[in-house]
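For reference, the structure is listed below as structure tokens.
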Protein chains: 2
Amino acid sequence: MKRKITLKQIAKELDVSISTVSKALRNSIEISEDTRQKVQAFAKLYNYRPNNIALSLKNRKTKTIGIIIPEIVHHFFSKVITGIELVANKRGYNVIVGLSNESFDKEVINMQMLANGSIDGFILSIAKETLQQQDYHHFTETINQGMPIVMFDRVVNEIPCDKVIVDDVKGAKQAVEKLIKNGCKNIAIISTKDYVSVGKLRTQGYLDALEDHKITPKASLILKIEDKLMSDDHLDKLEKEIEQLFQSNKSIDGIFAVNELYAVTAIKVARKLGLEIPKSLQVISFSDGVLSKHSTPSLTTVSQHGQEIGEEAANLLINRLESEETDYNDETDEVYETVVIETNLIERESTKN
Amino acid sequence: MKRKITLKQIAKELDVSISTVSKALRNSIEISEDTRQKVQAFAKLYNYRPNNIALSLKNRKTKTIGIIIPEIVHHFFSKVITGIELVANKRGYNVIVGLSNESFDKEVINMQMLANGSIDGFILSIAKETLQQQDYHHFTETINQGMPIVMFDRVVNEIPCDKVIVDDVKGAKQAVEKLIKNGCKNIAIISTKDYVSVGKLRTQGYLDALEDHKITPKASLILKIEDKLMSDDHLDKLEKEIEQLFQSNKSIDGIFAVNELYAVTAIKVARKLGLEIPKSLQVISFSDGVLSKHSTPSLTTVSQHGQEIGEEAANLLINRLESEETDYNDETDEVYETVVIETNLIERESTKN
DNA sequence: ATAAGTTGCGAAAACGTTTTCGTGTTAAAA
DNA sequence: TTTTAACACGAAAACGTTTTCGCAACTTAT
């Protein structure tokens, strides 16, 4: 079990100083051609690589990005990670992942674990519990300690940081407009409770679309699901709630769901009730997961472009990290950007065309 | 932009030495009650936390696990990560994720980036390209440098390391036996080319089941898909291949697919051809992704227990890391474990019961 | 009053780098 | 031959910790 070789060992072996070895490896002109070659040959032979940790300590930066997300078994979030990793790697950074599991405490703990020098900055999407409790002190503290944060998707405005979001209102509105244009007269929405920011925004888009078309929203057509029902264990409960919706509104001919699961479940229930899709019921869902493409009928969706969001977030963060380096006029601008990624409607089989 | 506070700053502020501060914070008995309180109060006030990087350098271990997987937008792999993260966090470790994107080069690069001190050990699943080229030098090198590896799912026997796998042969065999028991007379398999180890093994299980029941396998019932067709871009090509399978074997009444996508695609094609599921065609698939549960009909699957695999792998790795600490009799046993996670059959709508 | 033991703290090394500065040697210039 | 410049290298500091060791200043026992 040989440890990795260090400068010190090379120096000793070659009977020169550590500084000489270091310089030789970095092709410093201070070192004679002779020794340089000797050192480099030896280093290559022993496959020397500078120790990252030592470099991090010396440079006071780790070239590592911390990601905190609510869960990873989720198409959207894993797409985002893919995007982050892509540009992070391209720009010489690693990513370290923490899962909050939608829990406030785990979010805090995870951030503390990473904030103590392990990373240079955060990219995160806020846990539902945190959104519910509206306790954001861990974010402000992190930022106050000079560690930049980029939030995506689930963001809160009161935190001063860069953000990457999709225009949930607009995306939802477009979806509902599509349903209207396709002749739907009674469009229901299946959303989450309002504390989930995106649920609220998408509901807003739904309402906006109706208003624009002089349709009076009916409370009975707005179903707000308690979020715990997302987990597979509560699938039957989710189905019941949706069935209830259909039963008490026989004339529903359009469904806008804020996520895939709600959409496919709605379709399943609707079919059981004898509705034909898209003939007598058209469905559009937010999200661009695997279900949309491969379920039958495939779903018309508002695509969120998760990977693009990740790429954008990573660029935002790294730009900030690397501008700080040169920026010696601290305390100045502190101006933050909010990038909006455009959604687009992907038409599939669950709507008429 | 205040930096995080350090021992040195506290020491200066309180006019004691760095050592005193350090000891006071760790409740050393060397320090008087008085100063200890003073230091701790001050540290708390300024929210002092020891710098992880400095600790890593000093202790020569990072308490961080490196994960290298082919892709993250994949139910199985993200489940595994969830499992790894769960036990890693519980045991005081972080996880840092690298994606190989199924590419040999990216796998190598990623491992090199992390192996230079950033992590204490690897958990990984091998990229398809690597399996194809059968070039494993980066694994052996890493291991030779004293960094333990745990492989899962896609493993190779010639590398001396701990492994966590599912019994692919057995799982596949059970699935096919279920089909046989359910009355299927002409069972086809949709698998991958043999260089994907799990594809090969599952095909073996298929053959074993047939043999056990005195059924002569027919080459025309064995479809081995070129793996590039996994990506959504080639979906139509995949469909064509499967359609071909059905067209040239009209009597197929059972399908065993090695992954979800193949299964749902097969179902889609079969329906187009007028087959009813599960009445005239029964389907079983490996994998426990989201498609299985939510597509219609839902899929009967061989569940792989991704999260459990992740948990097991993390425990294996951390155990090894922490046994090394005490184990000063190096060079000894070097005995590695291969843990087999049992699969089980989850019956849903795509088979009769 | 002296020897011995206790208490409380600081200096310094170590982890592995990079970089600044100093210095001895040799070669070129005066 | 002396002065100056170029060259090649080493010592040391710094990043932020923890820990070993040493050493004063007391306190207790003789």
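Note that this is a predicted model, so its numbers are computed, not measured. Lettering follows sequence order; numbering is per chain, from 1.
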Output yes when A/R91 and A/E322 qualify as a salt bridge under the 4.0 Å nitrogen-oxygen rule, no when they do not.
-> yes

Spell out yes or no: do the side chain of A/S19 and the base of D/dA11 have one donor N/O and one acceptor N/O closer than 3.5 Å?
-> yes

Using a cut-off of 4.0 Å on non-hydrogen atoms, how would the nucleic acid contact of B/T35 be classed: base, sugar-phosphate, or nothing?
-> sugar-phosphate

Given that B/I31 and A/L55 both sit by DNA chain C, which one's nearest nucleotide is further toward the 5' end?
-> B/I31

For B/I10 and C/dC9, give me the distance from atom CD1 to atom C1', rounded to whole Å.
-> 17 Å

Does the distance from a Lys or Arg side-chain N to an Asp or Glu carboxylate O, for A/E102 and A/R154, drop under 4.0 Å?
-> yes

Interatomic spacing from NZ in B/K106 to CG in A/N89 - rounded to 0.5 Å = 4.5 Å

Return the value, rounded to whole Å, for the distance between atom CG of A/L25 and atom P of D/dC9.
-> 13 Å

Presence of A/R26 side-chain N/O under 4.0 Å of C/dT17 phosphate oxygens OP1/OP2 = no

Of the listed C/dC9, D/dT18, D/dC15, the closest approach to the A/L57 side chain comes from D/dC15

Side chains of B/E33 and B/Q37: do they bring a donor and an acceptor to under 3.5 Å?
-> yes

Touch class at under 4.0 angstrom, heavy-atom based, for A/R36 against every strand present | nothing

For atom CD of A/E33 and atom P of D/dC9, their distance in whole Å | 11 Å

B/D120/B/K63 ion pair, N-O < 4.0 Å = no

Side chain of A/P50 only, please: which of C/dC21, C/dT17, D/dT18 is the nearest?
-> C/dT17

Closest to the B/K58 side chain: C/dA14, C/dT18, C/dG10?
-> C/dA14

Can you tell me how far C1' of C/dT18 sits from CG of A/N52, to the nearest Å?
-> 14 Å

Residue B/I18, side-chain heavy atoms: nucleotide from D/dT17, D/dG10, C/dC9 that is nearest | D/dT17

Closest to side chain of B/E30, choosing from C/dT18, D/dG16, D/dT20 | D/dT20

Side chains of A/K4 and A/N51, donor plus acceptor under 3.5 Å | no

Tell me: CG of A/N27 to C1' of C/dT19, nearest whole Å?
-> 16 Å

B/K12 NZ to D/dT17 P, in whole Å, measures 15 Å

Among C/dG8, D/dG10, C/dA11, the one nearest any side-chain atom of B/S17 is C/dA11

A/R60 atom CZ is separated from D/dA14 atom C1', nearest whole Å, by 9 Å

Rounding to a whole Å, what distance do you find between A/I53:CD1 and C/dA14:C1'?
-> 16 Å

Comparing B/S32 with A/K8, nearest DNA chain C nucleotide closer to 5' gives the residue B/S32

Residue A/T6, side-chain heavy atoms: nucleotide from C/dT17, C/dA11, C/dC15 that is nearest | C/dT17

Checking only heavy atoms, does the side chain of A/K23 share a donor-acceptor pair with the base of C/dT20 at less than 3.5 Å?
-> yes

